[in-house]
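Working notes, beginning with the structure itself.
Here is how names work: the chains are called A, B, and so on, in the same order as the sequence lines, proteins then strands, and each is numbered from 1.
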Protein chains: 2
Amino acid sequence: MLSYSEENHLKAIFHLSVNNESGVSTNSIASKMNSKAPSVTEMLKKLSEKDLVVYKKYQGVLLTDFGRKTALSVIRKHRLWEVFLVEKLNFKWDEVHDIAEQLEHIKSEKLTNELDKFLDYPTKDPHGDPIPNPAGFIKYTAKLVLSDLLIGETGKFIGVKDSSSTFLKYLDKREISLGSNIKVIHKEEFDESIHIGLVETNLSISVKSAANIYVTKL
Amino acid sequence: MLSYSEENHLKAIFHLSVNNESGVSTNSIASKMNSKAPSVTEMLKKLSEKDLVVYKKYQGVLLTDFGRKTALSVIRKHRLWEVFLVEKLNFKWDEVHDIAEQLEHIKSEKLTNELDKFLDYPTKDPHGDPIPNPAGFIKYTAKLVLSDLLIGETGKFIGVKDSSSTFLKYLDKREISLGSNIKVIHKEEFDESIHIGLVETNLSISVKSAANIYVTKL
DNA sequence: AAATTAATTTAGTCTAGCCTAAAAATTTAG
DNA sequence: CTAAATTTTTAGGCTAGACTAAATTAATTT
């Protein structure tokens, strides 16, 4: 039985592994966990004891298959609960993260699988992130960021990179929502802002925003 | 922000207060919590600091209004989640307790209230226990135990005193379920067993069981 | 390649929550 | 109304998980 802290560390390592095939650093984990390096070192020793990670001093850390599966089970729960909150309890996509952070630690396989069934086996959470299946398999969708589209190209908005409540609320205000088809009309050289067409309406957003919006080319 | 342990102690004190208007003993709390007296003493000091209980050494403990409200908020969540598990996720009434023990600590008033709405404002949990309203008000129903009914009297089964999974499964097997109308046909003097009529069918149960079934006289 | 800088680990401390054993207070009984 | 029994509290210890400060290892720079 893993503690919340152990599960959270596994999750952090999982997310950091995406860009760090060779090993995740102690500091990067500490920064993601809002803790300090010595706390992480101590935890890595414990996770290593339990065969959840492969850890050698000063060498960074990587998940074992078992650790990866465990992390994915937590992520699965997190994302299923997010769907539940939005689909069934009228939450907005910017309100669900903190509650899902709590719910993801509830221990009951039956609960997770019944929830999955109740939600009719969703494949994406409210931010467009894929939901792992019970075996820990994740179906990744090819994606690029909006700012990578060229003028004249159109993409379908399929996810956010920055899922901060601030950014999500901003997207709401601009009426840019998951599933929208976005066409790049023009790129302003001066301030690098990007003029986009949203089905019918045109609007302009910053490169920073555009770099946080995942799209698939149409 | 209260810890799980603090919330659990408040809940235990609340439940024990029902039969102990004058003050709940350290040992009784320890036994309900599956812990030891010194751990309870320590916790009582902390809860007292936070004005959740009134505690004087060697004198037993009672909840303050604030403590009572806090306990009821936890109980409310516990029972709402139980309803959710049974009504929406196909759980049986004997499977929900342990999961609700985890879910009851999730912190989000909005979540609780939206869940309440989603479940259409249930007033009882799957074991017949009343669900406190958001203000912490509980509507108690007059009830007596089945073994208190006299021969010839009929009662409606409205709750269980012993909600152990063993007993609940036993009731399932005997096909005695919440809402059944139960008529006492005969009481066996020899072994004190009670013959009851369940709408049409007649069956016999032990006094022990009958003392764990709450009914209202019809 | 040595020296400086940065990252990581070790050492030692703290708090929450639990425990056992011993002491103190209260209750019960003779 | 004392003496024994019971209950409760205190004292002291343990573990998990966090921290700061110091030491060590690795990486970078000159």
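- Listed by residue number, A/S3, A/S5, A/H9 are the residues of residues 2-18 of chain A with a heavy-atom contact under 4.0 Å to DNA chain D.
- When only modelled atom types and interatomic distance are considered, B/W93 and B/D172 share a side-chain donor-acceptor pair under 3.5 Å.
- Pairs engaging residues 102-122 of chain B under the side-chain hydrogen bond (donor to acceptor under 3.5 Å, both in side chains) rule: A/N90-B/E114, A/E95-B/K110, B/E7-B/H105, B/E7-B/K107, B/N8-B/H105, B/K11-B/E104, B/R76-B/N113, B/R76-B/D116, B/H78-B/E104 [sequence neighbours left out].
- Proximity of a side-chain donor or acceptor of A/K36 to a complementary backbone N or O of A/A30 within less than 3.5 Å is not detected.
- Within a 6.0 Å radius of NZ in A/K92, no more than 12 heavy atoms belonging to other residues, nucleotides or ligands are found.
- The distance from atom CG of B/L111 to atom CD1 of A/I99, rounded to the nearest 0.5 Å, is 5.0 Å.
- When the side-chain nitrogen and oxygen atoms of A/K57 are compared with OP1 and OP2 of D/dT24, none of them lie within a distance under 4.0 Å.
- Looking at which nucleotide of DNA chain D each of B/L44 and A/Y58 is closest to, the 5′-most match is held by B/L44.
- DNA chain C lies under 4.0 Å from at least one heavy atom of each of the following residues of residues 19-43 of chain A: A/S25, A/T26, A/N27, A/A37, A/P38, A/T41.
- Base pairing analysis places D/dT2 opposite C/dA29; the two distances defining the Watson-Crick or G-U wobble pair are each below 3.5 Å.
- For the residue pair A/S25 and A/N27, no side-chain donor N or O sits within less than 3.5 Å of a side-chain acceptor on the partner.
- Judged by distance alone, the side chain of B/S28 and the main-chain N or O of B/V24 form no donor-acceptor pair under 3.5 Å.
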